[in-house]
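Just below is one structure, and these are the notes that go with it.
Keep in mind that the numbers below use all heavy atoms, side chains included, and drop hydrogens, waters and symmetry copies. Quick note on labels: first sequence line is chain A, next is B, and so on, each numbered from 1.
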2 protein chains.
Amino acid sequence: MAIATRAGSRDAELSTPAYVVLGMVRLGARSGYEIKQAVDQSIRFFWTISQVQIYPSLAKLERAGLISGRSEPQGRRPRRVYEITKAGVTALEGWVRRPGDMPFELRDIGLVKLFFADVLETTDALELVQAVRRRSEERVELLRLIEPTAHDAEAVGDVYPLLTLRIGIRFHEAMIDVCHEFETRFR
Amino acid sequence: MAIATRAGSRDAELSTPAYVVLGMVRLGARSGYEIKQAVDQSIRFFWTISQVQIYPSLAKLERAGLISGRSEPQGRRPRRVYEITKAGVTALEGWVRRPGDMPFELRDIGLVKLFFADVLETTDALELVQAVRRRSEERVELLRLIEPTAHDAEAVGDVYPLLTLRIGIRFHEAMIDVCHEFETRFR
DNA sequence: ATGTGCATGTAAATTGTTACATGATTCA
DNA sequence: TGAATCATGTAACAATTTACATGCACAT
């Protein structure tokens, strides 16, 4: 997937997932479990992370002094909670600031099928276009459900989650538009 | 990456990359080398494939009777060229037609950074927004260069490449819009 | 008492990439 | 004759997912 890690300084060894974990800790996710939830509720539309990747990342970040953790069991259930350190904030700032390599990687079987849709009879092809359009319509609905949360964050000073949400919505609206155009044109 | 392969029939064992190869053979790419080129010149914006994956896919497709190959060396340089069989066309039709599972998978470090951009000072954050906007502007320019080719294909009856191209352009135009909006709002 | 959520972890499998290797043809 | 392009291949590696495993806490 060619995720760039290289950087100028000593944090060259930190991977993108590690920075994602760091960012989520900064936003208030305390345990590995909470980080997974936070990702699934926010950036999952442009970045996913599996539970398995989180715990090694946390350990690495702690070794690097970017987060500090302490055991805080809930009763007899073990739990380790973390908070970001000053060094961690600096490292996160540095990563976010340097534009570096930001590949836009899209992998969409739907678009691949559309690209090849000329094999099909017109009606079948239009059904595929419809299916893709509906998929985006559902996605827009889903994203609209998140909007209130993003507005809450904006009120507290975190304005950028709203920006990424807007982009997601506009994205799929664009897809809906183009599909609709073709549907009316070839029906 | 959770790419679904399951299907109802006997071609359940064919992966998405294999269908991509099949589709490209149908569109006239003859050798493995040409397939790689075709992918890089068309669907690379929503699907990539490395050279290494192509040759095993070709072998598998041939064993399944979906393409037929013959050795056609160029002088002393070995080369194997393929064409799609009737069974291959049927299989491709079936795959394209069934909507099945079409996950829209986006992985974009740029958007991740934007999401976390509230760590930065306003000016630094706006620079990041600009960088993301410029990236999309470049992408739109690149896609516009392909437009003539897609129009040529349309004239010959392959209209769907143009649809996917349009979607790509509108995608990035949407991104540019939202970025611009935020730039003027917070400058 | 039982199901759902919290919390972490291991092992195996899959998927895909990078780097390397080889050699022929074509065109300037 | 040297560089770019055509053409295929192997080996090692990196990233990520799936499946499995465990057990407590809490509310009904």
(message) Looking at A:R139 and A:F45, would you say the former's side chain and the latter's main chain have a donor-acceptor pair under 3.5 Å?
(response)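 No; zero donor-acceptor contacts below 3.5 Å.
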
(message) Main chain of A:M102, side chain of B:K113: is a donor-acceptor contact present, judged purely on distance under 3.5 Å?
(response) no

Between [X] ([atom1]) and [N] ([atom2]), how many Å, whole number?
X	N	atom1	atom2	result
B:Q41	D:dT5	CD	P	12 Å
A:Q53	C:dA7	CD	P	20 Å
A:R70	C:dA7	CZ	P	13 Å
B:R79	C:dT25	CZ	P	12 Å
B:E105	D:dA15	CD	C1'	14 Å
A:R107	D:dA15	CZ	C1'	13 Å
A:Y82	C:dA7	OH	C1'	12 Å

(request) Output the residues of residues 26-36 of chain A in contact with DNA chain D, where contact means a heavy atom of the residue under 4.0 Å from an atom of the strand; sort by number or write none. (result)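 When residues 26-36 of chain A is checked for heavy atoms under 4.0 Å from DNA chain D, there are no hits whatsoever.
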
(request) Would you classify A:E72 as touching base, sugar-phosphate or nothing, given that sugar-phosphate means primed atoms plus P, OP1 and OP2, and contacts are heavy atoms under 4.0 Å? (result) nothing

(message) Using the side chain to side chain donor-acceptor pair (under 3.5 Å) criterion, which residues pair with A:R76? Sequence neighbours excluded.
(response)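 None.
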
Check whether any side-chain N or O of [X] sits under 4.0 Å from OP1 or OP2 of [N], and answer yes or no.
X	N	value
B:T16	C:dT15	no
B:S50	C:dG16	no
A:T48	D:dT17	yes

Could you pull out every donor-acceptor pair under 3.5 Å between side chains of residues 160-171 of chain B and any protein atom, sequence neighbours left out?
residue	atom	partner	partner atom	Å
B:T164	OG1	B:P161	O	2.8
B:R170	NH2	A:D177	OD2	2.8

(message) Strictly below 4.0 Å, N to O, side chains only: are B:R144 and B:E173 in salt-bridge contact?
(response)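 A salt bridge links B:R144 with B:E173.
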
(request) Using a strict cut-off of less than 4.0 Å between a Lys/Arg side-chain nitrogen and an Asp/Glu carboxylate oxygen, indicate whether B:E137 and B:R133 qualify as a salt bridge. (result) yes

Test side-chain contact (heavy atoms from CB on, under 4.5 Å) applied to [X] - qualifying residues, sequence neighbours left out:
X	result
B:A38	B:M24, B:A29
A:T122	A:L126
B:E121	B:T123, B:D124

Produce the list of close N/O pairs, under 3.5 Å, pairing protein atoms with atoms of nucleotides 9-12 of chain D; give distances to one decimal.
residue	atom	partner	partner atom	Å
D:dG9	N7	B:Q51	OE1	3.0
D:dG9	O6	B:Q51	NE2	3.4

(request) Any chance you could lay out the side chain to side chain contact (heavy atoms under 4.5 Å, CB included) test for B:L58 and B:I67, step after step, and finish with the verdict? (result) CA-CA 8 Å; B:L58 283 168; B:I67 57 177; 3.7 Å; yes

Between protein and nucleotides 25-28 of chain D, what N or O pairs are separated by less than 3.5 Å?
residue	atom	partner	partner atom	Å
D:dA25	OP1	A:Q74	O	3.4
D:dA25	OP1	A:R76	N	2.4
D:dA25	O4'	A:R77	NH2	2.7

(message) How bent is the helix from C:dA1-D:dT28 to C:dA28-D:dT1, measuring the angle between the end axes built from five pairs each, rounded to 10°?
(response)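 Comparing the axis at each end, I get an angle of 30°.
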
(message) Both B:P78 and A:P78 contact DNA chain D. Taking the nearest nucleotide for each, which residue is further toward the 5' end?
(response) B:P78

Listed partners of [X] passing ring-ring contact (aromatic ring centres under 6.0 Å, His included), at least two apart:
X	value
A:Y82	none
A:F182	A:F186
A:F104	B:H172

(request) Supply the atom-to-atom distance A:L14 CG to A:L66 CG, rounded to the nearest 0.5 angstrom. (result) 6.0 Å

